[in-house]
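First comes the structure, then the notes that go with it.
One-based numbering along the sequence shown.
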Amino acid sequence: MADQPAAAIVVPLPATLDAFLAWRVGPDAPEATWSGGPPLAAQGKADSDLMILVDTPERDDAAAGRLLDGPAGRLFDRMLAAIGRSRDDVYLASLCTVRPLAGRVAPEVEVRLADIARHYVALIAPKRLLILGNATSRALLATDVTRARNGLHRINQPTDIRDSITEAVVSFHPRLLLERPAQKAEAWRDLQLLIGGSDL
């Protein structure tokens, strides 16, 4: 009888935020062997009421040492300012800590990164979550941006971490808005929905 392939070993994700953050930029993270530059940690206040999740670092982010540093980042800053927020009072994280060579999340790692993203949101347990881009929307809501927009999504946090609900709004990534400026008006409506929310 031929040898059967060994089953993949699923290692539990770190249960505390400090341990999780160290793991995300460490040698055991899924992106640790990628060659897209050093891993970029999340930025901002982990206890903020607003978490923002993007798909990957931008092309120049590794050199700058922060997420959304270039033209997309400047647009992102203007989007935050339009709703009375800034990088200093939100929590900005990325689905991937290292930019994939192709610039987008590969299908073979999407499922694992989706599990990680859901765990991450549960650890942070923000009141609101802004999901930017297709890969991020698929990871957290199992649907793309065009279908997920125009509504609030309630994400129930696992009770073994925290017992809470996060309201999520999906919108276009700033890099897409630079390519398609006509969609900025739709993104503005998404931001208004984000700050309007509902009574939890």
For A139, is there any backbone N or O sitting under 3.5 Å from a side-chain donor or acceptor partner on R118? yes
Between Y120 and F20, how do the two ring planes meet: parallel, tilted or perpendicular, split at 30° and 60°? tilted
With rounding to the nearest 0.5 angstrom, report the CG to CG distance, D89 to L50. 8.0 Å
Using the rule side chain to side chain contact (heavy atoms under 4.5 Å, CB included), only one of H173, R175, K184 pairs with L75; which is it? K184
Cationic N near anionic O, under 4.0 Å, R74 to D77: no
Looking at H153 and L140, would you say the former's side chain and the latter's main chain have a donor-acceptor pair under 3.5 Å? no
Evaluate the side-chain proximity of C96 to L113: yes if any heavy-atom separation is below 4.5 Å, no if none is. yes
Please evaluate residues E167 and K127 with respect to the criterion salt bridge (charged side-chain N to carboxylate O under 4.0 Å, His left out), reporting the C-alpha separation (whole Å), side-chain torsions for both, the decisive distance (0.1 Å), and the verdict. CA-CA 6 Å; E167 285 189 334; K127 183 178 180 184; over 6 Å; no
dist L129:CG -> M51:CE (nearest 0.5 Å) comes out at 6.5 Å
Candidate pair D61 and R66, rule salt bridge (charged side-chain N to carboxylate O under 4.0 Å, His left out), full reasoning: CA-CA 6 Å; D61 288 357; R66 73 173 193 162; over 6 Å; no
Do T146 and D144 have side-chain N/O donor and acceptor atoms under 3.5 Å apart? yes
Could you tell me whether R99 and E31 make a salt bridge, using a distance below 4.0 angstrom between a side-chain N and a carboxylate O? no
Gap separating the CG atom of L21 from the OG1 atom of T97, nearest 0.5 angstrom: 11.0 Å
For a side-chain contact (heavy atoms from CB on, under 4.5 Å) check, start with the C-alpha distance between R104 and D55, then their side-chain angles and the critical distance, and finish with the verdict. CA-CA 8 Å; R104 60 185 182 276; D55 53 359; over 6 Å; no
Donor-acceptor check, side chain of D69 to backbone of A64, threshold 3.5 angstrom: yes or no? no
Going through the checks in order, is the side-chain contact (heavy atoms from CB on, under 4.5 Å) test met by L191 and L130? CA-CA 9 Å; L191 294 176; L130 178 59; 4.0 Å; yes
Begin from the C-alpha positions of L132 and F172 and carry the test side-chain contact (heavy atoms from CB on, under 4.5 Å) through to its verdict. CA-CA 5 Å; L132 296 176; F172 303 109; over 6 Å; no
Does S35 form a side-chain contact (heavy atoms from CB on, under 4.5 Å) with L101? I'd like the steps, not just the answer. CA-CA 7 Å; S35 57; L101 287 178; 3.7 Å; yes
So which atom in P27 and which in A32 form the shortest heavy-atom distance, rounded to 0.1 Å? O-CB, 3.3 Å
Roughly how far apart are I83 CD1 and D190 CG, rounded to 0.5 Å? 11.0 Å
Where is the tightest heavy-atom contact between E58 and A72, given as atom of each residue plus distance? OE1-CB, 4.2 Å
More than 12 non-hydrogen atoms from neighbouring residues, nucleotides or ligands closer than 6.0 Å to CG on D60, yes or no? no
Check ion pair E186-R149 (N to O, under 4.0 angstrom): yes
Have a look at I52 and tell me which of L80, T136, I131 forms a side chain to side chain contact (heavy atoms under 4.5 Å, CB included) with it. L80
Are R128 and D49 ion-paired here, with the side-chain N under 4.0 Å from a carboxylate O? no
Following the transitive rule for hydrophobic clusters with a side-chain heavy-atom cut-off under 4.5 Å over Ile, Leu, Val, Met, Phe, Trp and Tyr, establish whether W34 and V25 coincide in one cluster. no
For V105 against A135, the heavy-atom pair lying closest together: CG2-CB, 3.9 Å
Measure across I116 and R24 and return the closest heavy-atom pair with its distance rounded to 0.1 Å. CG2-NE, 3.6 Å
A125 and T166 have their tightest heavy-atom pair at C-OG1, 4.1 Å
Is any side-chain heavy atom of V170 closer than 4.5 Å to a side-chain heavy atom of S137? yes
CZ/R87: more than 12 non-hydrogen atoms of other groups inside 6.0 Å: yes
Rounded to the nearest 0.5 Å, how far apart are OG of S171 and CG of L177? 6.5 Å
Nearest 0.5 Å, please: how far is CG in L40 from CG in L67? 5.5 Å
Closest approach of A15 to L123 (non-hydrogen atoms, all atoms of both residues): O-CD2, 3.3 Å
So, Q43 side chain and Y91 main chain: donor-acceptor pair closer than 3.5 Å or not? no
